[in-house]
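A short worksheet on the structure shown next.
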Amino acid sequence: MGAPSVLPLFLLFACCWAPGGANLSQDGYWQEQDLELGTLAPLDEAISSTVWSSPDMLASQDSQPWTSDETVVAGGTVVLKCQVKDHEDSSLQWSNPAQQTLYFGEKRALRDNRIQLVSSTPHELSISISNVALADEGEYTCSIFTMPVRTAKSLVTVLGIPQKPIITGYKSSLREKETTTLNCQSSGSKPAAQLTWRKGDQELHGEPTRIQEDPNGKTFTVSSSVTFQVTREDDGANIVCSVNHESLKGADRSTSQRIEVLYTPTAMIRPDPPHPREGQKLLLHCEGRGNPVPQQYLWVKEGSEPPLKMAQDSALIFPFLNKSDSGTYGCTAISNMGSYTAYFTLNVNDPSPVPSSYSTYHAIIGGIVAFIVFLLLILLIFLGHYLIRHKGPHFILKPNLSPKFLDSNLLSEN
C-alpha cells in the first residue's frame, strides 16, 4: 500500500529536478518541457504530464479525453464537446478560462443560465454557451479525474461583428470635374475588418484600411478614404463602402452615399413630323438636358434678325409650313451652369396628294361590289355547264309558224 503513495512524489521530484522541466517520452527518454523557474505545477498536472512506455500506461491512454477548438460569432451559441474512450469509472468535467467548474458530469456547478447541458454520458460531456460575449473567449478545459488526471483544451475564439459603416465627407452638390474625398468607418470588429469602395458596379481604389484598437481592448475600428474626380455621368451615382469580415459569412454590410453632380446642359432638335411637307403643321422640339435642367430656350434662324423666340417652352411651332420656312435653326438651352446650342436644317418638301377618307371609302365599296359580281359570273358559268350535261339539246316549235313550213326535222325531241 505504501508504494503507490510514493510514486507521485517521486514523479513530481523528477519533473522539478530535470533541467527546464522534463518528461519521459513513450520511448522511455526524457523530453524537455517549458516550465518557469521557481514555479511548481500542481501534483495532478505533474502526474498527468508524465507518460510511461510500459504496456499498462500505454493502455491507459484510452482514458485521455479529446475535444476541438471552436469559433463563434458574438451573440451566437457554441457547443463544447469532450469525449473519452475509457472513462475508468470517472466523470468528465468542463471548466472555463478562469478555471471555474461549469459542469461535472450532469451536475451544474456555475450559475449561468447561458450554459446548458447538451449530453452527459460516461464517454461524453457536451455543453452549450448561448449569447456568447467577447469576454467568453479563451481556453476551456475538459478534465477526467483518473490516476493521473487527464485534461484536454478547447480554444474558443469569439468574432466581433463589425458595425454598419458610416460615410462622411459629402456635404453638397459637386461640379463637373471637381475632386472629392469620402471617408468610411466601422467599429466593433474582431479581428479587424477590411473596407472596400465601389461606384455602382465599378470598384474604386481607396486608401489601405487603417486599424485602431477600441477602448475595450478586444475589438477594432477600421477606416478608409477614397478620392476621385466626378463627371456628368456620376450624377445620381451611389458610392458604396462595404465591410468584409468572416463573422458576416458572406452577408452584405454596406452603406451608400448618393452624389449629385452639376454640369452644363446639352440639347438636340427633333422635328414632328420627321419629314415635313408644305402646308403641314410642324413642331421643332428642343430637348435639353443638364443639372440643373435648362430654364430657358432661345430660337434663332440663320440669316434672320431678331431671334424667333425666347421662352421656357422648348418647342418652336409652324402652324402652316411653306417654302420660305426652309433654313437652319438654332436652339440654345440655358441654365445657371451655362448654355449649349443645337442646330437643325429644315427642308420643306412639296405637298403630296393625300387621299381623302371619303374616296377611300368608295374605293373599298367598289372593290367589294366587283368581287361579288365576279362570284356571280362564275356561278352562272357553272350552272350553264350543269344544265347542258343533264338535259341534252332540244328544240321548241314556235306557234306563229304556218303548217306548210313545218318539217319533221324541225320538231323538237320529246
Side-chain angles (χ1 to χ4, degrees), residues 45 64-85 87 91-144 149-166 184-196 209-224 241-255:
E45 292 186 10
Q64 174 64 41
W66 72 88
T67 184
S68 61
D69 295 340
E70 302 293 339
T71 299
V72 61
V73 176
T77 299
V78 63
V79 175
L80 301 178
K81 178 186 289 188
C82 181
Q83 294 175 296
V84 66
K85 187 174 181 180
H87 57 85
S91 297
L92 294 168
Q93 171 186 291
W94 270 112
S95 303
N96 63 13
Q99 295 304 312
Q100 296 172 310
T101 301
L102 304 179
Y103 265 90
F104 182 77
E106 60 183 11
K107 299 182 182 298
R108 182 200 297 268
L110 188 67
R111 293 183 179 180
D112 188 341
N113 292 329
R114 300 179 307 139
I115 305 173
Q116 298 292 329
L117 180 65
V118 176
S119 175
S120 177
T121 69
H123 300 280
E124 178 185 331
L125 177 61
S126 296
I127 63 173
S128 67
I129 306 176
S130 60
N131 196 22
V132 176
L134 293 173
D136 295 322
E137 185 175 79
E139 273 193 344
Y140 288 73
T141 304
C142 174
S143 305
I144 184 168
V149 176
R150 292 175 173 82
T151 62
K153 301 290 186 179
S154 175
L155 177 61
V156 175
T157 302
V158 181
L159 303 179
I161 304 176
Q163 295 182 3
K164 188 178 180 66
I166 300 174
C184 181
Q185 180 175 290
S186 173
S187 59
S189 60
K190 177 183 174 297
Q194 291 293 318
L195 299 175
T196 58
T209 303
R210 299 182 295 274
I211 302 173
Q212 181 179 358
E213 189 177 61
D214 292 333
N216 59 21
K218 294 182 178 295
T219 59
F220 299 89
T221 295
V222 293
S223 58
S224 178
C241 176
S242 300
V243 178
N244 299 320
H245 195 261
E246 54 186 309
S247 67
L248 301 176
K249 298 180 180 179
D252 179 64
R253 176 155 295 186
S254 59
T255 299

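- Residues T221 and Q185 form a side-chain contact, since some pair of their non-hydrogen atoms from C-beta on lies under 4.5 Å apart.
- Atom CD of Q194 is separated from atom OG of S242 by 13.0 Å, given to the nearest 0.5 angstrom.
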Are C241 and T196 close enough, and set up right, to give a side-chain contact (heavy atoms from CB on, under 4.5 Å), and what steps lead you there?
CA-CA 6 Å; C241 176; T196 58; over 6 Å; no
Hey, mind stepping through K190 and E137 against salt bridge (Lys or Arg N to Asp or Glu O under 4.0 Å) and telling me if it holds?
CA-CA 12 Å; K190 177 183 174 297; E137 185 175 79; 2.5 Å; yes
Residue pair Q116, S128: steps toward the side-chain hydrogen bond (donor to acceptor under 3.5 Å, both in side chains) verdict:
CA-CA 5 Å; Q116 298 292 329; S128 67; over 6 Å; no
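- Between Y140 and L102 the shortest side-chain heavy-atom distance falls below 4.5 Å.
- Counting non-hydrogen atoms of other residues, nucleotides and ligands closer than 6.0 Å to CD1 of I211 gives a total above 12.
- Considering only heavy atoms from C-beta on, F104 comes within 4.5 Å of S91 through its side chain.
- Among all heavy-atom pairs drawn from T209 and A193, the shortest one is CG2-O, 3.9 Å.
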Please report the C-alpha distance between E70 and S68 in whole Å, then the side-chain angles of each, then the deciding distance to 0.1 Å, and finally whether the side-chain contact (heavy atoms from CB on, under 4.5 Å) criterion is met.
CA-CA 6 Å; E70 302 293 339; S68 61; 3.0 Å; yes
If you look only at distance, which donor and acceptor atoms sit under 3.5 Å apart when one is on a side chain in residues 155-165 and the other is two or more places apart or in another chain?
{"unit_1": "Q163", "atom_1": "OE1", "unit_2": "S187", "atom_2": "OG", "d": "3.3"}
{"unit_1": "K164", "atom_1": "NZ", "unit_2": "S254", "atom_2": "O", "d": "2.7"}

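- Identified under the side chain to side chain donor-acceptor pair (under 3.5 Å) test for residues 92-103, with sequence neighbours left out: Q93-S95, N96-Q100.
- Shown here for A152 and T67, the closest heavy-atom pair between the two residues is CB-CG2, 4.0 Å.
- Expressed to the nearest 0.5 Å, how far SG of C142 lies from CG of L92 amounts to 5.0 Å.
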Tell me, with the steps shown, if I129 and L80 meet side-chain contact (heavy atoms from CB on, under 4.5 Å).
CA-CA 8 Å; I129 306 176; L80 301 178; 4.3 Å; yes
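- For S224 against R210, the heavy-atom pair with the smallest separation is N-NH2, 3.9 Å.
- T141 and E139 share no side-chain donor-acceptor pair at under 3.5 Å.
- No side-chain heavy atom of E213 sits less than 4.5 Å from a side-chain heavy atom of K218.
- V84 has its side chain out of reach of Q64: every pair of non-hydrogen atoms, C-beta onward, lies at least 4.5 Å apart.
- For the pair R114 and D136, the minimum side-chain heavy-atom distance is below 4.5 Å.
- No side-chain N or O of H123 forms a donor-acceptor pair with one of T121 less than 3.5 Å apart.
- In plain terms, the two heavy atoms of T151 and S143 that are nearest each other are CG2-OG, 3.4 Å.
- Counting only heavy atoms from C-beta outward, the side chains of I144 and H87 approach each other to under 4.5 Å.
- Atom SG of C82 sits about 6.5 Å away from atom CG of L125, to the nearest 0.5 Å.
- Note that the CZ atom of R150 and the CH2 atom of W66 stand 13.0 Å from one another [nearest 0.5 Å].
- The side-chain heavy atoms of S189 and T219, taken from C-beta on, include no pair separated by under 4.5 Å.
- Remark: K153 does not engage D69 in a salt bridge, criterion side-chain N to carboxylate O under 4.0 Å.
- Counted within 6.0 Å of CD on E246, heavy atoms from surrounding residues, nucleotides or ligands total more than 12; the atom is thus considered enclosed.
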